[in-house]
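Residues: numbered from 1 along the sequence shown. Because the structure is a prediction, the values reported are computed rather than measured.
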Amino acid sequence: MTKFPYPARWASRFGGLRFSRSGSGSGSGSGSGFGSGFGFGSEFGSAIVFILVLIAVGANLSCSDEPTTEPVVTGQIIGTVSFTEPGPGASLSVEDAKRTRVSFIEVGPDGYFDISLPPGTYWIHLRTDNPSYSSYAGPEGIGLSKAEVAPFIVKPGQPAIETAIRLSSVDVTVHVPEEWLGEPLDVALLGTGYARIFRPEPVESITLHNLVPGSFDLYVRSGNTNVFYPGVNSSRESEPITVEPGGRKSVILDLSSPAYVEGRFPGAETDRSVVIHSREVGQVGPSMQVDAEGNFRGIFFYEGTCQVRIRDGRASEWLSADGVQTDITLIRGETFDLQLEDRSVAVNLDLPAWADRPLYSVEFWNESGLQAIRQVPASNPSRIPLVPDGTFRLRATPRCGQPWTSTWYPDVTDSSDAEWVVLESGASNLPLQFSPGEAARVEGFIRFEDGPSGLIGWAHLTPLDDGLAQPCNNRLHADGWFQIEGIEPGRYLLEFWFNERENLWYPGVSDPAKAVPLKLVAGQSRDDIEVILRD
């Protein structure tokens, strides 16, 4: 018997089909070996049917040239954009829920548009040519963001969605103050409309077209001054302008009679300014810069009680008298005269010749032992601005690492020995001459006997005498060199901190009890320190 020449799993699929030879193949009736000489199993019929099915399926697959695809179902959004100024044109882009732009079309002056889309959730993003603002539209309205409008829902087989995008306009009449004539004037409805008048007349009228309907703040700007409708310096006090879809509104902004603040702030030619505040709304106008002659002037559209903030260099404070904050009153059509005094103090430190970059602070301590102010001058000599009236002891304190010591005026190290200085308004640039003592410094090397240590670490001084300030630490350089400056005279232990080995004390011991103290005097430069490391 000849077995089926294919894997066994195939034989099982063909219902046990088997082939067998029963004749010799010679003589009449034998033929070619087929016929009665071959036998078939009992499941012959089911096997033949299975084979025919396979052949039919294969023929169907092999004869198909194109893959079978489902038809794409689309929906439509049709509508119009109603412009308030003819012929600006607009662009529409359609965004899905993932903020992906799926379609883009240009809209002509007639505003008509027709968009085909597959099923999904969409917003229409509208951008008009004049003004250049964008907005989002949905089936129920239009807004400045997606969060303000519901989306279009496109479903298979539904009728076309019809919508109308209706824009609005606002007529603005501005009575311009005299100071603004001839300067560019910006008129804007925040977020939705803007126009510029390059050379305004005393009365200007302009229309803001193609606006998103809603409530918005209207403001005008000239230079660095913003004024909000109905004529206030702060947006907190503004009255929003509300425009309906397709509507047109007229507003008048009368700025012809502002309030003024002007005065003098004498002193050195530094960056100084005066700012007017209100307790209710905060800053009510732009900062008034003080010119080189000490003059300043500002224009305001706020009425009421205000406070004055003075800024001189990096210092600022509220205008006050005898510790009580001073108020001023602004009235439209009137000028408030504000005269300020120079309350600066000149400070000069007689520093050592080797102090090439003095960094320090000056502290004013009152009779109650409280620090009234602390200033960090940018140079030496320097000017300390906005010093309050009173009686003070003054201390000049060096920044870490400076080659001089902390000194009370004029040249003592103890506050109880310091002189009292009386400061009064109008005593401009009272000269204060400090004579600070020179500090000591220490420098040297820590290394292996055959070369640099290459260790990461710090050099540190520990004071042994009472009352000594803690000197700054200094990081070791790659070759083991170090330097510590700004050291008060006295006795110290020199310690070395390492990241990867135990700490050492000068002259190279691991036990602090065996360390040798350094005794330093004013102005001394101890540069003979050398520590040899042992493995």
Side-chain angles (χ1 to χ4, degrees), residues 75-97 99 101-117 120-155 158-174 186-195 205-220 228-230 235 238-253:
Q76 277 187 308
I77 301 175
I78 60 176
T80 56
V81 180
S82 299
F83 300 111
T84 62
E85 183 180 46
S91 64
L92 293 180
S93 60
V94 180
E95 298 180 5
D96 62 17
R99 298 188 177 184
R101 190 171 76 174
V102 297
S103 181
F104 178 84
I105 61 173
E106 295 286 345
V107 179
D110 62 355
Y112 177 79
F113 60 89
D114 183 342
I115 308 170
S116 296
L117 297 166
T121 300
Y122 301 99
W123 288 264
I124 291 178
H125 188 187
L126 169 68
R127 181 177 290 275
T128 59
D129 296 334
N130 183 28
S132 181
Y133 280 97
S134 64
S135 55
Y136 286 88
E140 299 175 1
I142 184 172
L144 297 179
S145 68
K146 288 182 180 179
E148 298 179 28
V149 294
F152 292 95
I153 308 296
V154 177
K155 299 179 180 179
Q158 71 178 10
I161 301 174
E162 297 184 9
T163 188
I165 301 175
R166 302 171 62 197
L167 302 177
S168 309
S169 61
V170 174
D171 300 317
V172 182
T173 300
V174 183
D186 297 326
V187 182
L189 205 60
L190 284 179
T192 183
Y194 166 82
S205 295
I206 192 169
T207 300
L208 301 176
H209 286 286
N210 303 321
L211 307 176
V212 174
S215 295
F216 306 96
D217 284 330
L218 173 69
Y219 80 96
V220 298
F228 294 84
Y229 180 81
S235 60
S238 66
E239 295 179 10
I241 301 296
T242 300
V243 288
E244 301 296 331
R248 186 163 189 160
K249 189 162 189 174
S250 297
V251 295
I252 298 175
L253 193 55

How about Ile252: does its CD1 atom have over 12 heavy atoms from other parts shown lying under 6.0 Å from it?
no
Are [X] and [Y] side-chain neighbours, meaning at least one heavy-atom pair lies under 4.5 Å?
X	Y	answer
Asp110	Thr80	no
Leu189	Ile241	yes
Ser250	Thr173	no
Val102	Tyr122	yes
Tyr219	Leu190	yes
Ile161	Ile78	no
Leu167	Leu211	no

side-chain contact (heavy atoms from CB on, under 4.5 Å) test vs Thr207 passes for just one of Val170, Asp171, Thr84, namely Asp171
Between His125 and Tyr136, how do the two ring planes meet: parallel, tilted or perpendicular, split at 30° and 60°?
-> parallel
Taking atom types as modelled and ignoring hydrogens, do the side chains of Asp217 and Ser238 form a donor-acceptor contact shorter than 3.5 angstrom?
-> yes
Check: residues 137-154 side-chain donor-acceptor pairs under 3.5 Å, at least two apart:
unit_1	atom_1	unit_2	atom_2	d
Lys146	NZ	Glu95	OE1	3.0
Glu148	OE1	Leu144	N	3.2

Minimum heavy-atom separation for [X] to [Y], with atom names?
X	Y	result
Glu106	Ser91	OE1-CB, 3.9 Å
Val243	Ser169	CG1-O, 4.1 Å
Ile124	Phe113	CD1-CE1, 3.9 Å
Phe83	Gly111	CE1-CA, 4.0 Å
Leu208	Ala188	CD1-C, 4.3 Å
Leu253	Tyr229	CD1-CA, 3.8 Å

Hits for salt bridge (charged side-chain N to carboxylate O under 4.0 Å, His left out) against Lys249, two or more places apart or cross-chain, chain-then-number order -> none
### Query
Would Asp96 and Thr121 count as a side-chain contact (heavy atoms from CB on, under 4.5 Å) if you check the C-alpha gap in whole Å, the side-chain angles of each, and the deciding distance to 0.1 Å?
CA-CA 6 Å; Asp96 62 17; Thr121 300; over 6 Å; no
Say you draw a straight line from [atom1] of [X] to [atom2] of [Y]; how long is it, rounded to the nearest 0.5 Å?
X	Y	atom1	atom2	value
Ile165	Ser135	CD1	OG	7.0 Å
Leu92	Ile77	CG	CD1	10.0 Å
Ser168	Glu244	OG	CD	7.5 Å

For this session: Output, in order, the C-alpha distance, side-chain angles, deciding distance and verdict of side-chain contact (heavy atoms from CB on, under 4.5 Å) for Gln76 and Leu117.
Result: CA-CA 6 Å; Gln76 277 187 308; Leu117 297 166; over 6 Å; no
